[in-house]
Amino acid sequence: MSRNNSMEATVLSLKQSGENNRSVCFLTPDQGIIYGTLFGGPKSKLKSLVSPFNKGTLYLYTDETKKTSKITDFDVKSFHLSFRENLFKTWAANLGAEILIKTKCAGSPSQAFVLYNGLLDGMELCDENDSRLGLIRFLWRYMWLLGIKPDTSECRQCGKSFLTGKLTTDTIKYKAAYIESENGFVCEECTSMSDKRFVLSRPSITYLEAVSVLSPREVRSIVISGQTLIELKDFCYWLIENACSSSLLSLQSGIGIL
C-alpha cells in the first residue's frame, strides 16, 4: 500500500545514497525525526531546495510494503543565507541537529521543533557574537526538555536562595559550584563537596536563571562578558554531551569554531 502525505519539516542532514541519490533526515513537529530519499542527479530542481536547515512543506510518497519514502517536493518557507558566510552558525546548527537525532527530540517533537527553528531563525538575524549566546540559550532550554536542567535558583544543599530580588547581573549573591551527583548547584558555604565539576561566576548563574524565567526578548537584552560566555559554553557543552551519553561529533570536529 502506498500513499502521499505532506507535513511541515526542517532539513537536519543529508547523506549520499547510491550514485545520484541522497538520504535526508528531517525534523517534524508531529513525527519527530523522519527520513526520506531524494532521487535524481545534480540537475534535479529538488537538490537546491532540500538543503540543510531549510524549513517548509515536505511532500512524501511512502511505499509501506517496501518501507521507503520518496521526496516528491519541498516547498521552502524559510532558509538561511547567512550560514554560508559564517562557519559558527553552520556548526551550531549541525550541533543542534546532532543532539535532536541522538536524543530523539527528547520525546517532545513539537517543542523540539519550535526550539530548533527558533535557534536557526535567531542566528539568521544576528551576528556571530549574538548567535553564540543564542546557542547557549537553545542548549539550556533543551536540557529542560530532556528533564536534566539543574536548578539555578537555590543551593541544592542548604536551600539558600541565590536570588536577592529583581533578576539583574547583581542578583546572584554567590558563585555557584555544580555538583554532578546532585545535578544541582551549591553556594560558597557548601562547596566542600568533592565531586564539584564547575564553579560558575555570578554573571553566569544569573544568565542561566534569566533564560529559565524571563521571556526570550528580555534575555536577548542582557549583555555578558567574553569570559562569562566561555564559562557558560564549557558548562553547557559538557552537560549536553553528558546527557547524550556519548561524544558529539559536531563538538569534536568543530573545535576552534564552536
Side-chain angles (χ1 to χ4, degrees), residues 92 95-96 99 102-103 105-108 111-112 114-116 118-119 122 129-248 251 258:
L95 173 60
I99 292 168
K102 285 199 170 186
T103 62
C105 298
S108 303
Q111 292 174 286
V114 171
L115 284 179
Y116 184 67
L119 170 66
N129 288 334
D130 286 337
S131 294
R132 289 182 180 276
L133 275 177
L135 178 59
I136 295 299
R137 294 193 294 270
F138 166 79
L139 293 175
W140 193 244
R141 289 167 180 145
Y142 195 75
M143 287 177 215
W144 171 81
L145 207 58
L146 285 167
I148 62 161
K149 183 176 72 63
D151 183 10
T152 49
S153 65
E154 64 180 25
C155 175
R156 185 78 174 183
Q157 291 294 314
C158 67
K160 183 184 297 181
S161 174
F162 289 136
L163 309 179
T164 60
K166 186 178 179 181
L167 199 57
T168 67
T169 52
D170 297 321
T171 295
I172 303 297
K173 290 182 179 180
Y174 314 103
K175 292 181 179 179
Y178 176 75
I179 307 300
E180 185 175 3
S181 62
E182 299 276 351
N183 190 31
F185 291 94
V186 297
C187 65
E188 289 177 303
E189 296 173 7
C190 298
T191 54
S192 59
M193 302 293 289
S194 60
D195 64 343
K196 64 183 180 182
R197 293 297 303 261
F198 292 89
V199 177
L200 299 188
S201 62
R202 293 196 306 172
S204 291
I205 200 73
T206 304
Y207 191 80
L208 292 179
E209 179 65 10
V211 174
S212 298
V213 301
L214 297 183
S215 70
R217 183 175 182 178
E218 290 173 311
V219 177
R220 287 194 297 269
S221 68
I222 298 175
V223 178
I224 66 172
S225 69
Q227 181 57 44
T228 298
L229 177 59
I230 292 173
E231 197 171 80
L232 289 170
K233 180 186 74 171
D234 290 344
F235 175 63
C236 288
Y237 286 3
W238 176 83
L239 199 59
I240 196 66
E241 196 165 48
N242 204 38
C244 291
S245 301
S246 65
S247 297
L248 293 170
L251 286 180
L258 287 171

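Predicted model only: the values in this text are computed from it and were never measured.
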From CA spacing to verdict: side chain to side chain donor-acceptor pair (under 3.5 Å), Tyr207, Arg137: CA-CA 9 Å; Tyr207 191 80; Arg137 294 193 294 270; 2.9 Å; yes
Quick one, Ser225 with Thr228, criterion side chain to side chain contact (heavy atoms under 4.5 Å, CB included). Give me CA distance, side-chain angles, the key distance, then yes/no. CA-CA 5 Å; Ser225 69; Thr228 298; 3.0 Å; yes
List the steps and the verdict of side chain to side chain contact (heavy atoms under 4.5 Å, CB included) for Leu248 and Ile240. CA-CA 9 Å; Leu248 293 170; Ile240 196 66; 4.1 Å; yes
Let's go through Glu189 and Cys158 carefully: what are the C-alpha distance in whole Å and the side-chain angles of both, what is the deciding distance for side chain to side chain contact (heavy atoms under 4.5 Å, CB included) to 0.1 Å, and is it a yes or a no? CA-CA 9 Å; Glu189 296 173 7; Cys158 67; 5.6 Å; no
What verdict does the side chain to side chain contact (heavy atoms under 4.5 Å, CB included) test give for Tyr178 and Val186, after you've listed the backbone C-alpha separation in whole Å, the side-chain angles of each residue and the deciding distance to 0.1 Å? CA-CA 7 Å; Tyr178 176 75; Val186 297; over 6 Å; no
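Thr103 contributes a side-chain N or O that, together with a main-chain N or O of Ile99, makes up a donor-acceptor pair within less than 3.5 Å. Checked by atom type and distance alone, the side chain of Thr206 pairs as donor or acceptor with a backbone atom of Arg202 at under 3.5 Å. Of the possible donor and acceptor atoms, none in the side chain of Glu154 sits under 3.5 Å from a partner among the backbone N and O of Lys160. Judged by distance alone, the side chain of Tyr142 and the main-chain N or O of Ala106 form a donor-acceptor pair under 3.5 Å. A donor-acceptor pair under 3.5 Å links the side-chain atoms of Glu218 to the main chain of Ser215, judged by distance alone. Although no hydrogens or angles enter the test, the distance criterion places no donor-acceptor pair under 3.5 Å between the side chain of Gln157 and the main chain of Cys187.
Aromatic rings from Phe235 and Phe185 are positioned such that their centres are separated by under 6.0 Å.
There is no side-chain donor-acceptor pair under 3.5 Å between Trp144 and Ser212.
Of the inter-residue distances, the one linking Trp140 atom CH2 with Ile136 atom CD1 reads 10.0 Å to the nearest 0.5 angstrom. The distance from atom OG of Ser153 to atom CG of Leu208, rounded to the nearest 0.5 Å, is 12.0 Å. For the atom pair Phe138 CZ and Leu95 CG, the distance stands at 7.5 Å (nearest 0.5 Å). The SG atom of Cys155 lies 9.5 Å from the CD atom of Glu182; values are rounded to the nearest 0.5 Å. The distance from the CG atom of Leu214 to the CD atom of Glu209 is 8.5 Å, given to the nearest 0.5 Å. In this structure, CG on Leu239 lies 10.5 Å from NZ on Lys149, to the nearest 0.5 angstrom.
When all heavy atoms of Ala112 and Leu145 are compared, the closest pair comes out as N-CD2, 3.8 Å. Shortest non-hydrogen contact noted between Leu200 and Ile205 is CD1-CD1, 4.3 Å. When all heavy atoms of Ala92 and Leu119 are compared, the pair lying nearest together is O-CD2, 4.3 Å. Nearest heavy atoms, Glu231 versus Val199: OE2-O, 3.9 Å. Taking every heavy atom of both residues into account, Leu258 and Lys233 meet most closely at O-CD, 3.2 Å.
Ile179 is not listed as a side-chain neighbour of Arg156, based on a closest heavy-atom distance of 4.5 Å or more.
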